[in-house]
Q: 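Submitted below is the structure of interest, expressed as structure tokens.
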Amino acid sequence: YLNTLNDWLAGLEQLRQFAAGAKLFSVSKLASKKLEDANVKQTTYTKLLNAITGIASAIFGLIIFLLSGFLVKNGLLEISALLIVGNFRFYLNQAINQISNARGHMKGIKKLVTEIDKSAEPVHSSSKDSSIAPAIIKTKSLGLKFSNGESLTYPDLQIKEGEKILLTGDSGAGKSTLFKLILGELKPSSGKIIFEDKNGNQIVPDLRKIGYLPQDPVVFPASILDNITMFNDKLDNKVAEAVKEVNLSADLKKFDEGIDKKLNLDKLNISGGQRQKIVLARAKVHDSDIILIDEGTSAIDQKATMDILNNLLKSKATIVFIAHNFNKKMHDLFD
Ligand SMILES: Nc1ncnc2c1ncn2[C@@H]1O[C@H](COP(=O)(O)OP(=O)(O)O)[C@@H](O)[C@H]1O
Ligand SMILES: [Mg+2]
């Protein structure tokens, strides 16, 4: 159920844009029905088994009662022994009840558990390396074939520490896909991506340490401040500076609540450019050593873009910036 929600909610923007909300409701309803069915099935089994053990236990109890009555009457058994048998019966009964309950649980959710087992994949992580961001990224004979037959191939690239790289090209050339390959969101069909530390040793990096601004950045129904810090108030003190650097100050002055303005995703109450500035500020306060920016300023005017680039490219971080509409002056800011 969560898997389905995750898949669909990730594309919520598109669903909204194309007014396809009904589709979202129908798939989530279907997924939740599976969960509900498993619950119903489990309850049915439990109740049924409870009834059976209840009846069995009553019959058993009756037999013991009659038998012990008979034995006591004929002087073959003392009352104390009878009490012991009663106790024994009580514990036995409890154990049988527990077993039958557990059995009901197991039977009811078996199908779901098998499905979850099948979709689970082992996660391999190297405990030694997994918390470092890569310093150098290289690609070798990288290629990707999509299931619809379309394929992309890349020239061998090298992204060095601290470099400011501008990545341009026609739309559909494979720029966004390159970022997804680097981030591990897509697996290459051929070739490989090599990550190295500062000393050129190959490492298995923690890819979450790479800052990434997707082409279609996601904002949340929360204050602009929270959208920048991503709900981490330890970063609040870095926000003022970041806001200035991404040219968001003038925009914030237009809102009565300023940075505490709550974003409304339904009636989008900020412009596309403001949204990009918020996400750029988010990257800024989170301070990654390496940042991949996919068309991060496409909705921001030229003058503000120039200011933002000037500030952004001053940082020590490695930056790869995808853009297709930069003028010569902007080009020249990059390595
Ligand atoms: N999931 C996919 N299935 C099939 N083709 C895809 C998929 N994702 C991207 N493509 C194709 O790969 C090419 C490169 O896409 P993309 O990297 O988004 O281009 P760019 O960012 O340079 O505009 C496009 O032709 C696109 O149609
Ligand atoms: Mg793209």
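All values below were derived from every heavy atom in this structure, side-chain atoms included, with hydrogens, water molecules and symmetry-related copies excluded. For ligands, and for the atoms within them, numbers begin at 1 and follow the listed sequence.
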Q: List, ordered by chain and residue number, the protein residues whose closest non-hydrogen atom lies under 4.0 Å from any atom of ligand 1.
A: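 Heavy-atom contacts below 4.0 Å: Phe146, Asn148, Glu150, Leu152, Asp170, Ser171, Gly172, Ala173, Gly174, Lys175, Ser176, Thr177.
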
Q: In Å and rounded to the nearest 0.5 Å, what is the NZ to CG distance from Lys261 to Asn269?
A: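 If I round to the nearest 0.5 Å, the distance is 4.5 Å.
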
Q: Is any side-chain heavy atom of Phe195 less than 4.5 Å from a side-chain heavy atom of Ile132?
A: no

Q: Count I, L, V, M, F, W, Y as connected when their side-chain heavy atoms are under 4.5 Å apart, and connections chain through other members. Are Met106 and Leu35 then in the same cluster?
A: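 Not linked; separate clusters.
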
Q: Should Lys277 and Asn247 be marked as a side chain to side chain contact (heavy atoms under 4.5 Å, CB included) after you check the CA-CA gap, both sets of side-chain angles, and the distance that decides it?
A: CA-CA 7 Å; Lys277 288 176 185 177; Asn247 239 281; 4.3 Å; yes

Q: Aromatic rings Phe231 and Phe220: how do their planes relate, parallel, tilted or perpendicular, breaks at 30° and 60°?
A: perpendicular

Q: Could you tell me which non-hydrogen atom of Ala283 sits nearest to which non-hydrogen atom of Leu213, and how far apart they are?
A: CB-CD1, 3.4 Å

Q: How about the Mg ion (ligand 2), which protein N, O or S atoms come within less than 2.8 Å?
A: Ser176 OG, Gln215 OE1

Q: If Ile, Leu, Val, Met, Phe, Trp and Tyr residues are connected whenever their side-chain heavy atoms lie under 4.5 Å apart, and connections chain through other members, are Tyr212 and Leu186 in the same group?
A: yes

Q: Any non-hydrogen side-chain atom of Val320 less than 4.5 Å from a side-chain atom of Ile182?
A: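 A side-chain contact under 4.5 Å is absent here.
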
Q: Verify, without hydrogens or angle tests, whether Asn227 (side chain) and Val279 (backbone) share a donor-acceptor contact under 3.5 angstrom.
A: no

